[in-house]
Amino acid sequence: MGRLTFDAIVVGAGPAGVAAALTMARGGLKVIILERGRFAGAKNLFGGVFYTHALADVLPDYWERKPPFERPVTEQGYWMLSPDSVIRVMHKSERYRKEPADAYTVLRARFDPWFAEQAVKAGALLITRTTVTRLLKDERERVIGVDTDRPEGSVYAPVVIIAEGVNNLLTRQAGLIASDLPPTHVALAVKEYINLPAKELQARFGLSGPHEGVAIDVFGDVTLGLPGTGFIYTDQSGISIGVGMLLDEFITHRLRPYQVLERFKNHPVIRPYLEGGEVREYGAHLIPEMGYDRMPKLAGDGVMVAGDAAGMVDALHREGTNLAITAGRAAGETALAAHQQGDFSAAFLNRYRRTLEDSFVLKDMKQYRRMTDFLESSPQFMGTYVNLLNEAALRYFTAHGIPKREMEHDILKMVRERRSFTGVAWDMLKLMRAMRG
């Protein structure tokens with residue numbers, strides 16, 4: 001039996017891997033995708049908002065292919081949760097109502113197989129239930145293929161695109177990153193999908209029909225005032241609800257992820273939205289929070305890395321899948337150019353990074369490079385400030401029958417007691433620095 005050879009190998013059938021495979025297959029390369037799950041998406045989980053701009057770039061006719069989206073996002077914003085109240089900052093616009101919309105809620109168990117099918121239709125070979133165990137290298141340490149857990153499972157190609165997710169075993173083998181990510185730079189998100197009749201769902205969230213949907217990010221008491229966020233997204237006939245925190249916070253405070261989620265679900269503000277719903281899905285997923293400065297090298301001799309494996313997550317703007325798809329497309333285009341030139345060296349493949357530096361992917365990663373460190377060193381933003389805003393709002397809206405100046409003095413006194421004016425000014429300065437990169 002001769003050795004199995006392709007023009008390119010993609011490890012992982014998530015958004016980054018499929019985008020790379022689709023790009024290369026449409027360019028005429030013989031591509032294989034190796035996925036360890038039972039099907040594309042079996043190992044994938046995310047909050048639920050998908051941005052269509054990245055999909056349109058890699059698959060311009062995606063709308064005609066009927067992607068399995070849930071609801072268009074026509075209202076979105078933030079809830080700041082204290083133990084017994086909430087401040088809502090939401091935005092709803094008629095401009096969100098175009099078709100296709102800029103963003104949709106998505107269930108990955110439905111979307112990922114559809115996306116992988118588009119790559120297969122373009123000519124890529126998808127092999128599931130197959131784990132890549134190691135990279136194959138030649139005498140000059142150039143990557144020339146992979147070994148798998150199948151009998152006689154070596155596969156060869158002049159270029160390998162790693163889209164293995166946050167568990168970066170192959171990325172380390174390639175020498176693109178020195179070590180595994182520590183708990184301080186990895187978030188753990190837990191999520192439930194709660195089934196509700198569409199009409200009941202729409203009534204609770206003020207939606208007029210299936211052409212409307214809501215995406216809410218929640219801060220404050222949802223994570224016990226610790227760095228992290230919660231989310232609530234409306235799907236076609238259900239709610240995606242979850243919590244994400246740095247793994248280090250779970251360890252330090254001895255918190256169990258499912259208990260944090262249950263606490264969030266039973267909050268007096270949240271409970272009425274879920275009442276009578278049936279839990280249909282529970283999952284957990286690690287998310288890289290390494291930031292721009294800790295990202296791995298994106299290319300080596302015969303290899304590139306994309307998506308979560310490369311730390312391509314912008315948690316502040318709940319972006320990840322669009323970064324992954326954009327990076328996967330750029331990696332695929334670089335592989336096409338490498339084949340045209342017959343050059344698979346790190347020097348040539350580094351044009352992949354240069355492409356991303358010119359795009360929103362690395363520009364945004366660079367701008368918000370300090371946000372994770374900032375939030376970790378400034379816990380008052382998720383605790384003190386959220387509670388203070390809620391209490392100030394309560395004083396303001398219940399100041400009946402008392403002089404308003406007295407109410408204003410009470411609010412200022414609360415600020416001084418919880419966080420001095422100097423402390424507030426310093427916090428705002430740190431925030432601005434973190435957002436400037």
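This is a predicted model, so every value here is computed, not measured.
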Is the Phe231 ring parallel, tilted or perpendicular to the Tyr233 ring (thresholds 30°, 60°)? parallel

Between Leu323 and Met365, is any pair of side-chain heavy atoms under 4.5 Å apart? yes

Nearest 0.5 Å please: distance from the CG atom of Leu201 over to the CG atom of Leu274. 10.5 Å

For the side chain of Arg318 and the backbone of Gly48, is there at least one donor-acceptor N/O pair under 3.5 Å apart? no

Non-hydrogen side-chain atoms of Gln76 and Val49 separated by less than 4.5 Å: no

Looking at CD1 of Ile216 and OG of Ser240, how far apart are the two atoms once the value is rounded to the nearest 0.5 Å? 12.0 Å

Side chain to side chain contact (heavy atoms under 4.5 Å, CB included) assessment of Val243 paired with Thr223: CA-CA 7 Å; Val243 176; Thr223 56; 3.8 Å; yes

Do Gln118 and Pro67 have side chains that get closer than 4.5 Å, going by heavy atoms? no

Nearest 0.5 Å, what's the CE-NE2 distance between Met245 and His253? 7.0 Å

Counting distance only, does the side-chain N/O of Thr128 pair as donor-acceptor with the main-chain N or O of Phe39 below 3.5 Å? no

For Tyr352 and Ala306 the tightest heavy-atom approach is OH-CB, 3.3 Å

Inspect the contact between Glu275 and Arg271 and indicate whether a charged nitrogen and a carboxylate oxygen are less than 4.0 angstrom apart. no

Validation row: Glu164, Thr171 side chains within 4.5 angstrom (heavy atoms): yes

Angle class for the Phe69/Phe50 ring planes (parallel below 30°, perpendicular above 60°, tilted otherwise)? tilted

Atom of Phe348, atom of Asp343 and distance for their closest heavy-atom approach: CD2-O, 3.4 Å

Would the number of heavy atoms belonging to other residues, nucleotides or ligands and lying under 6.0 Å from CZ of Arg294 be above 12? yes

Closest non-hydrogen atom pair between Tyr258 and Tyr282, with its separation: CB-OH, 3.5 Å

Could you pull out all residues at least two apart from Gln259 that satisfy side-chain hydrogen bond (donor to acceptor under 3.5 Å, both in side chains)? none

For Arg129 and Asp149, the nearest pair of non-hydrogen atoms, with its separation, is O-OD1, 4.5 Å

Atom pair NZ/CG of Lys137 and Asp301 - distance to nearest 0.5 Å: 9.5 Å

Can you find a pair of side-chain heavy atoms, one from Ser154 and one from Leu136, that are under 4.5 Å apart? yes

Can you see which heavy atom on Leu188 is nearest to which on Pro257, and at what distance? CD2-CG, 3.4 Å

Would you indicate whether the side-chain heavy atoms of Arg95 and Asp102 approach each other to under 4.5 Å? no

Main-chain N/O of Arg142 paired to Asp138 side chain as donor or acceptor, under 3.5 Å: yes

Answer whether the closest heavy-atom distance between the side chains of Val222 and Trp79 falls below 4.5 Å. no

Quick one: does any side-chain atom of Arg36 pair with a main-chain N or O of Thr130 as donor and acceptor, under 3.5 Å? no

Got a second to check how far Phe344's CZ is from Leu349's CG, nearest 0.5 Å? 8.0 Å

Could you please spell out the steps behind the side chain to side chain contact (heavy atoms under 4.5 Å, CB included) verdict for Arg71 and Gln202? CA-CA 11 Å; Arg71 288 176 179 266; Gln202 288 160 191; 2.8 Å; yes

Kindly say whether Ser237 contributes a backbone atom to a donor-acceptor pair with the side chain of Asn195 at under 3.5 angstrom? yes

Heavy-atom closest contact (Ala54 atom, Ile325 atom, distance): O-CG2, 3.6 Å

Hey, is NZ on Lys199 packed in by over 12 heavy atoms from elsewhere, all under 6.0 Å? no

Distance-only donor-acceptor pairs under 3.5 Å for side chains of residues 353-363, two or more places apart:
from   : atom 1 : to     : atom 2 : distance (Å)
Arg353 : NE     : Glu357 : OE2    : 3.1
Arg353 : NH2    : Tyr292 : OH     : 3.3
Thr355 : OG1    : Arg351 : O      : 2.9
Ser359 : OG     : Leu356 : O      : 2.9
Ser359 : OG     : Val361 : N      : 3.2

May I have the step-by-step check of salt bridge (charged side-chain N to carboxylate O under 4.0 Å, His left out) for Arg65 and Glu117, ending in yes or no? CA-CA 11 Å; Arg65 297 176 182 236; Glu117 183 184 355; over 6 Å; no

Under 4.5 Å between any side-chain heavy atoms of Thr52 and Trp63, yes or no? no

Can you establish whether the number of heavy atoms outside Lys297 located under 6.0 Å from its atom NZ is more than 12? no

Determine whether a donor-acceptor pair (N or O, by modelled atom type, separation under 3.5 Å) exists between the side chain of Thr74 and the backbone of Gly213. yes

Counting only pairs under 3.5 Å, give me each side-chain donor-acceptor contact of residues 20-33, with atom names and distances, residues two or more places apart or in other chains.
from  : atom 1 : to    : atom 2 : distance (Å)
Thr23 : OG1    : Ala19 : O      : 2.8
Arg26 : NH1    : Val58 : O      : 3.2
Lys30 : NZ     : Thr5  : O      : 3.3

Would you give the length of the straight line joining atom CG of Leu170 to atom CD1 of Ile162, rounded to the nearest 0.5 angstrom? 5.0 Å

